[in-house]
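Contents: one structure, followed by commentary.
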Amino acid sequence: MKIYKAHILYTKEPGRFEVLENGCVTVDDEGRVVGVGSQETGEVVDLGDRLLIPAMNDLHVHAPQYRNQGLAMDLELLPWLQNYTFPEEKKYADVGYAERMYRRFVRDLWRFGTMRSCIFATTHTESTRLLMRLFQEAGMGALVGKVAMDRNCPEGLTEPVEETVRGYEDLVSWSSRQGHLTPHSTRLTPLVRPIVTPRFVPTCTPKMLRACGELAAKYQLPVQSHLSENRDEIAWVAELEPESTCYGDAYDRYGLFGQTPTVMAHCVWTDGEELELMKRRGVMVAHCPTSNLNVASGMAPVRRFLDEGLRVGLGSDISGGHDLSIVRMMVYAIQVSKMHYQQNHDRKFLTLSEAFWLATKSAGSFFGRVGSFEPGYEFDALVIDDSDLNHDNYSLLERLERYIYLGDDRQIVHRFCRGQEILEPKII
Ligand SMILES: [Zn+2]
């Protein structure tokens with residue numbers, strides 16, 4: 001048992017923060033929270049006048065686009081894919097290149113306090129397995145997707161369906177072997193697992209989509225993809241899948257829309273039947289506000305999603321998004337919702353506690369009991385030393401708000417995932 005003493009801030013519900021001045025979080029030997037402010041006996045770790053908050057969760061990020069972060073922002077979605085994304089992803093056939101880039105990527109997720117993420121890798125099985133190994137070695141949680149695609153993209157990135165299935169089976173067996181090596185594998189799911197990842201309908205033939213749905217069902221794997229980001233894309237999907245009643249239905253008919261836990265990035269234009277289907281199936285939205293602003297495909301109406309009862313978390317969407325920090329993503333999510341508010345005063349903009357909840361407890365729910373300090377939650381946490389920002393008589397909530405708006409990775413002095421302190425991963 002370990003007891004962490006600090007100023008504790010987290011959200012049990014979207015509308016308000018829980019704030020404990022000089023509180024403590026008790027964590028058991030399996031890395032789970034026993035209670036907040038409880039009087040258990042154990043080793044006390046006194047963190048002094050620092051803030052202790054849940055760690056960040058990124059629900060949508062493309063690891064092989066890490067090199068393109070901050071590039072090609074003058075292009076819209078489809079030319080951007082053809083000219084920048086696909087040529088870069090081809091390089092991941094070279095495992096040496098993949099290792100150099102992926103190590104930096106994992107190290108930077110660590111820097112910004114992201115302890116769990118949903119990742120798109122590339123088609124290449126070997127470099128995808130390498131990325132899973134790097135997360136495993138770092139001790140950080142990740143659902144890693146070997147990207148399935150067999151049409152409408154350049155040679156070197158497509159793969160026959162049979163090979164994709166074999167690749168996934170290889171990753172599943174790798175992941176189950178790792179599970180046996182972790183000390184608490186009997187009670188907790190492995191930190192690093194594959195996630196079924198059809199890139200999006202335009203790059204997957206019906207045969208590929210069907211195989212993806214079968215893989216998800218057979219191995220009970222979660223699913224991720226892109227949905228209704230861009231109007232040209234939606235029109236294209238309607239042409240390719242003429243039987244489908246909406247873009248979401250084009251996934252649903254292949255078992256890729258909530259039959260196992262599913263997260264869909266963007267959903268900018270999701271409405272009507274698609275929205276109802278997502279609600280019914282518990283399909284989660286990965287809202288990527290910087291990507292919405294950069295790629296100019298439109299801005300997802302998050303307040304509407306919350307009013308409708310959809311599950312929502314935040315994603316950085318590197319490199320459609322330019323910023324890996326989920327802390328800053330809260331600010332962008334609030335700002336995007338204020339732009340919606342300017343158009344329509346019936347729907348209020350997001351508050352700080354709501355954005356914080358989206359990034360922590362709501363997004364964390366995709367990984368299990370993650371993102372809060374309530375009893376039974378896995379202890380994923382960041383220790384924030386905001387002394388350089390805390391130069392007057394600020395309340396604890398004001399200190400947190402200033403950290404979210406003004407801080408960066410330099411104020412994060414400790415990071416924990418599932419109760420373990422995570423040290424800086426090595427780069428080469
Ligand atoms: Zn994406």
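Both counts, for ligands and for their atoms, begin at 1 and track the order of listing. Along the sequence shown, residues are numbered consecutively beginning with 1.
- For M339, the CE atom sits in a loose shell: 12 or fewer heavy atoms of surrounding residues, nucleotides or ligands are nearer than 6.0 Å.
- Residues that satisfy the side chain to side chain donor-acceptor pair (under 3.5 Å) test with N83, not counting sequence neighbours, are absent from this structure.
- Note on H62: counted as a metal contact of the Zn ion (ligand 1), an N/O/S atom lying under 2.8 Å.
- Put simply, the residue from F120, F105, W80 that forms a ring pair (Phe, Tyr, Trp, His ring centres under 6.0 Å) with H62 is F120.
- Partners of E308 under the salt bridge (charged side-chain N to carboxylate O under 4.0 Å, His left out) rule, at least two apart in sequence or in another chain, are K279, R304.
- Within H60, the N, O or S atom lying nearest to the Zn ion (ligand 1) carries the name NE2.
- Nearest N/O/S atom of H226 relative to the Zn ion (ligand 1): this is NE2.
- Within D317, the N, O or S atom at minimum distance from the Zn ion (ligand 1) carries the name OD1.
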